[in-house]
Chemist: 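My questions all concern the structure below.
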Amino acid sequence: RIQKGKIDTFSFEARRDQRVVIECFAERIDSQLRAMLEVFDSDGRSVGVRRTTSGIDPLVDLIVLKDDTYTVKLYDLIYSGSNDHYYRLDIDTRPRPLFTVPAVVQAGRKTRVSVFGWNLLPKKPETSTVSDTLDRLEVDVVAPSVSEASNSGLRISSTAVTNDCFSLRIPDGHAPVALSVTDVPVVIESSSSSSASSAIQLQIPSEVSGQLVGGAERDWFSFSARSGEVLWLEAFGQRIGSPVDLDVTILNAAAEAELAHFDDEVSSLGGTRFPSSHSDPAGRFRVPEDGRYLVLVRSVTGGLDDDPRRVYRFSLRREEPQLDVAILSNSDSST
């Protein structure tokens with residue numbers, strides 16, 4: 001716990017060329033702490049500062065340039081503190097996955113998945129103290145069925161209960177990564193879908209695994225439907241831990257008229273005890289006439305720099321009843 005005005009310090013020994021991941025869990029475990037991390041060598045020189053990696057929780061990816069004893073300082077952003085400012089701190093050199101491409105796979109099918117993270121590959125010398133590069137490990141995955149998918153070891157927020165996923169574990173690593181699973185075919189978005197004229201044709205039902213690496217990047221898709229059909233469109237960004245704020249638009253075949261627009265899902269069916277609102281778009285679309293339609297997927301919070309972490313999952317289905325069950329304690333003080 002961090003008390004008001006206090007700084008917690010920890011030290012560790014590391015060897016040259018090691019890659020040390022230092023991560024604080026606070027917001028993700030319902031703490032009031034807005035954590036800051038700083039790392040210093042034995043001479044008192046700062047060797048790594050990060051404020052945000054997962055939500056508002058900080059992570060330092062440290063490339064060790066010399067054998068030394070290093071010190072981690074952990075404190076609150078505004079030096080606040082209380083018994084409710086608790087945290088978990090990981091100092092780790094084992095494999096730590098961060099995200100996968102694709103972000104969703106079809107149940108029962110063998111899929112080649114790229115896992116991105118730290119310490120996934122044999123060590124290699126680096127020249128920088130704090131690294132922004134990620135390792136990439138290729139693995140073959142056969143996903144379980146949606147009903148059998150287990151998210152053991154993952155913290156699933158109340159907003160993400162509708163994202164069916166399972167824990168993907170890397171050999172020698174203790175931190176799993178969530179991989180979404182679906183019962184319909186999955187289409188992998190490609191760079192060729194960057195314009196309306198080259199939109200990827202989707203069947204109904206299907207899902208898309210996409211990436212908006214560039215801040216202003218846009219992905220285009222198309223589908224054909226009959227008059228009167230009611231479709232359900234849903235995109236997953238925040239709910240799969242991606243740093244995007246997704247926006248989905250349906251247009252006519254000529255991309256001249258906007259027919260529907262979906263952005264943040266602000267309704268909270270569970271109230272304050274089980275909030276379900278999120279920044280991912282979802283909604284129904286009644287097809288006005290037989291024909292072809294376009295779908296535009298983009299993030300409204302881009303940025304000047306490329307970021308491979310901007311993955312998303314997009315689902316296109318006919319509307320049908322769906323039920324998700326959450327069990328809550330009767331005690332208001334329980335979580």
Chemist: Evaluate the criterion side-chain contact (heavy atoms from CB on, under 4.5 Å) for residue pair V297 and E189; output intermediate values, then yes/no.
Modeler: CA-CA 11 Å; V297 179; E189 169 268 334; over 6 Å; no
Chemist: I'd like to know if R45 pairs up with D68 as an ion pair, taking the criterion as any Lys NZ or Arg NE/NH1/NH2 lying under 4.0 Å from an Asp or Glu carboxylate oxygen.
Modeler: no
Chemist: Does the distance from a Lys or Arg side-chain N to an Asp or Glu carboxylate O, for R96 and D61, drop under 4.0 Å?
Modeler: no
Chemist: So do S150 and F166 actually touch side chain to side chain, heavy atoms under 4.5 Å?
Modeler: no
Chemist: F12 vs Y70 aromatic rings, parallel, tilted or perpendicular, using cut-offs 30° and 60°?
Modeler: parallel
Chemist: Verify whether one side chain among R317 and S315 offers a donor that lies under 3.5 Å from an acceptor in the other.
Modeler: yes
Chemist: Between D290 and R226, does any side-chain N to carboxylate O distance fall below 4.0 Å?
Modeler: no
Chemist: Answer yes or no for R88 and F25: cation-pi contact, defined as NZ/CZ to six-membered ring centre under 6.0 Å and angle to ring axis within 45°.
Modeler: yes
Chemist: Please evaluate residues E320 and Q322 with respect to the criterion side-chain contact (heavy atoms from CB on, under 4.5 Å), reporting the C-alpha separation (whole Å), side-chain torsions for both, the decisive distance (0.1 Å), and the verdict.
Modeler: CA-CA 6 Å; E320 58 185 18; Q322 180 176 339; 6.0 Å; no
Chemist: Under 4.5 Å between any side-chain heavy atoms of D280 and Y312, yes or no?
Modeler: no
Chemist: Under a 4.0 Å threshold between the charged nitrogen and the carboxylate oxygen, would R298 count as salt-bridged to D247?
Modeler: yes
Chemist: Do the side chains of E217 and R310 get close enough for a salt bridge, i.e. N-O under 4.0 angstrom?
Modeler: no
